[in-house]
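Convention: sequence-line order gives letters A, B, ...; per-chain numbering from 1.
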Amino acid sequence: MTATTFQEQIAGLDAVALARRLIGASLIVRGAGGTIIETEAYAPDDPASHSFNGPTRRNAAMFGPSGHAYVYRCYGIHLCLNVVGQPGEAVLIRALAPQVGLDLMQSRRGTAPLCSGPGRLAEALGLRADDNGLSFAGPDLAITLALAQPDLSVGTRIGISKAQELPWRFGLAGAKGLSRPFA
DNA sequence: ATACTGATGGGCT
DNA sequence: GCCCATCAGTATG
């Protein structure tokens, strides 16, 4: 059996399929991280997506290689982390169950919750703006997919003003530490 | 429990 | 100038 890269494992998946597949995966950033428990899908023909109006300087990574990071600054303060899929598609990582590097994350965040919400998660992981475009095949950013697909919760995306009805938010069923509960 | 607000930067019409 | 893929703090039921 041959080792397959993260990029090979997610090849061909659209944003929704990728968002579902990433639930239960392990995400480690330079020695801190845990299990992904909440994601959202963004697609090119989706008015809520940064890629909706085509490539720009900010969203260039969304049109770059699959399996790499799209990191952007949100509300001038926070960073948010995405996994790039098909061209113009990405999955926002919204929450982790913290497992690795707890002391590091604690010291960066100061207070709980550590990784519940995209901005908090980015801060806990020590993400930087120049992580934009890096591969999730390591050494700095690493994702290991779950062996089996866990049961999912499904809902609508948070914090957007367009395409609010699309059921493109996914969570690990019954998980603690979601940024918001599922109905 | 929900409701509002300020912080703060960059992207876009 | 306005709009955010957010969060922490404060105020109030």
Side-chain angles (χ1 to χ4, degrees), chain A residues 13-23 25 27 29 32 34 36-64 66 68-98 105-134 136 141 143 152-172 175-183:
Chain A
L13 298 183
D14 66 23
V16 169
L18 180 58
R20 301 176 64 102
R21 183 67 69 87
L22 287 172
I23 298 295
L27 167 64
V29 177
I36 298 172
I37 60 172
E38 185 181 344
T39 61
E40 282 177 2
Y42 289 88
D45 57 349
D46 161 18
S49 175
H50 290 173
S51 62
F52 185 61
N53 290 313
T56 64
R57 168 145 352 10
R58 175 174 66 154
N59 68 19
M62 284 187 80
F63 295 89
S66 177
H68 288 231
Y70 168 46
V71 176
Y72 69 93
R73 188 167 298 282
C74 185
Y75 293 97
I77 306 174
H78 305 100
L79 295 176
C80 290
L81 175 64
N82 294 254
V83 180
V84 176
Q86 303 295 107
E89 304 198 348
V91 173
L92 175 66
I93 309 300
R94 289 195 57 90
L96 303 181
M105 294 193 283
Q106 181 81 246
S107 66
R108 288 169 177 151
R109 284 277 306 141
T111 63
L114 257 33
C115 297
S116 299
R120 293 168 178 151
L121 172 159
E123 183 176 31
L125 295 183
L127 218 66
R128 307 185 294 251
D130 65 353
D131 289 325
N132 187 37
L134 291 192
F136 281 105
L141 279 42
I143 292 179
L152 302 182
S153 302
V154 182
T156 54
R157 297 175 293 179
I158 293 174
I160 57 172
S161 58
K162 298 172 184 172
Q164 294 175 343
E165 70 287 353
L166 294 176
W168 284 2
R169 173 175 175 244
F170 303 95
L172 180 65
K176 303 305 176 204
L178 297 169
S179 69
R180 290 191 49 183
F182 285 82

Set of side chain to side chain donor-acceptor pair (under 3.5 Å) partners for E123(A), sequence neighbours left out: R109(A)
Validation row: W168(A), D46(A) side chains within 4.5 angstrom (heavy atoms): yes
Side chain to side chain, S51(A) and F63(A), heavy atoms closer than 4.5 Å: yes
Along DNA chain B, first and last positions that approach a heavy atom of chain A under 4.0 Å: dA7(B) to dC12(B)
Pairing residues for E89(A) by the salt bridge (charged side-chain N to carboxylate O under 4.0 Å, His left out) criterion, not counting sequence neighbours: none
From C80(A) atom SG to L127(A) atom CG, the distance as rounded to the nearest 0.5 Å: 9.5 Å
N82(A) side-chain N/O to I93(A) backbone N/O, donor-acceptor pair under 3.5 Å: no
Euclidean distance, atom CZ of residue F52(A) to atom P of dC3(C) [Å, nearest integer]: 18 Å
Contact check, side chains of L178(A) and I37(A), non-hydrogen atoms, under 4.5 Å: yes
Option passing side chain to side chain contact (heavy atoms under 4.5 Å, CB included) with L141(A) (candidates L125(A), L27(A), L134(A), V71(A)): L134(A)
Validation row: I158(A), R94(A) side chains within 4.5 angstrom (heavy atoms): yes
Strand-adjacent residues in residues 40-51 of chain A, judged by heavy atoms under 4.0 Å from DNA chain C: Y42(A), A48(A), H50(A)
Sugar-phosphate only, base, or nothing, as touched by R109(A) at under 4.0 Å among non-hydrogen atoms: sugar-phosphate
Partner set under side-chain contact (heavy atoms from CB on, under 4.5 Å) for A61(A), not counting sequence neighbours: Y70(A), N132(A)
DNA chain B-proximal residues of residues 55-64 of chain A, any heavy atom under 4.0 Å: T56(A), R58(A)
Heavy-atom side-chain proximity of C115(A) to R120(A) below 4.5 angstrom: no
R157(A) charged N/C atom sitting above Y42(A) aromatic ring, 6.0 Å / 45°: yes
Close side-chain approach of L121(A) to L96(A), heavy-atom, < 4.5 Å: yes
DNA chain B base-pair string [pairs: Watson-Crick or G-U under 3.5 Å; |: paired with another strand]: |||||||.||||.
Got a list of protein N/O to nucleotides 9-13 of chain C N/O distances below 3.5 Å?
none

Presence of salt bridge, D14(A) and R20(A), under 4.0 angstrom: no
Close residues, residues 118-131 of chain A, relative to DNA chain C [heavy-atom separation under 4.0 Å]: P118(A), G119(A), R120(A)
Heavy-atom closest contact (A95(A) atom, G177(A) atom, distance): CB-O, 3.7 Å
Residues in side chain to side chain donor-acceptor pair (under 3.5 Å) contact with R169(A), at least two apart in sequence or another chain: E38(A)
Closest approach of F182(A) to F170(A) (non-hydrogen atoms, all atoms of both residues): CZ-C, 3.6 Å
Distance-minimising heavy-atom pair for A41(A) and A19(A): CB-CB, 4.0 Å
Aromatic contact, Y72(A) with H50(A) (centres under 6.0 Å): yes
For V83(A), the option from T39(A), L92(A), L22(A) that meets side chain to side chain contact (heavy atoms under 4.5 Å, CB included): L22(A)
Nucleic acid contacts - residues 157-167 of chain A versus DNA chain C, non-hydrogen atoms under 4.0 Å: I158(A), G159(A), I160(A), S161(A)
Candidate pair F136(A) and L81(A), rule side-chain contact (heavy atoms from CB on, under 4.5 Å), full reasoning: CA-CA 11 Å; F136(A) 281 105; L81(A) 175 64; 3.7 Å; yes
Any L13(A) side-chain heavy atom under 4.5 Å of R21(A) side chain: yes
Selection: residues 71-83 of chain A, any non-hydrogen atom under 4.0 Å of DNA chain B: Y75(A), G76(A), I77(A)
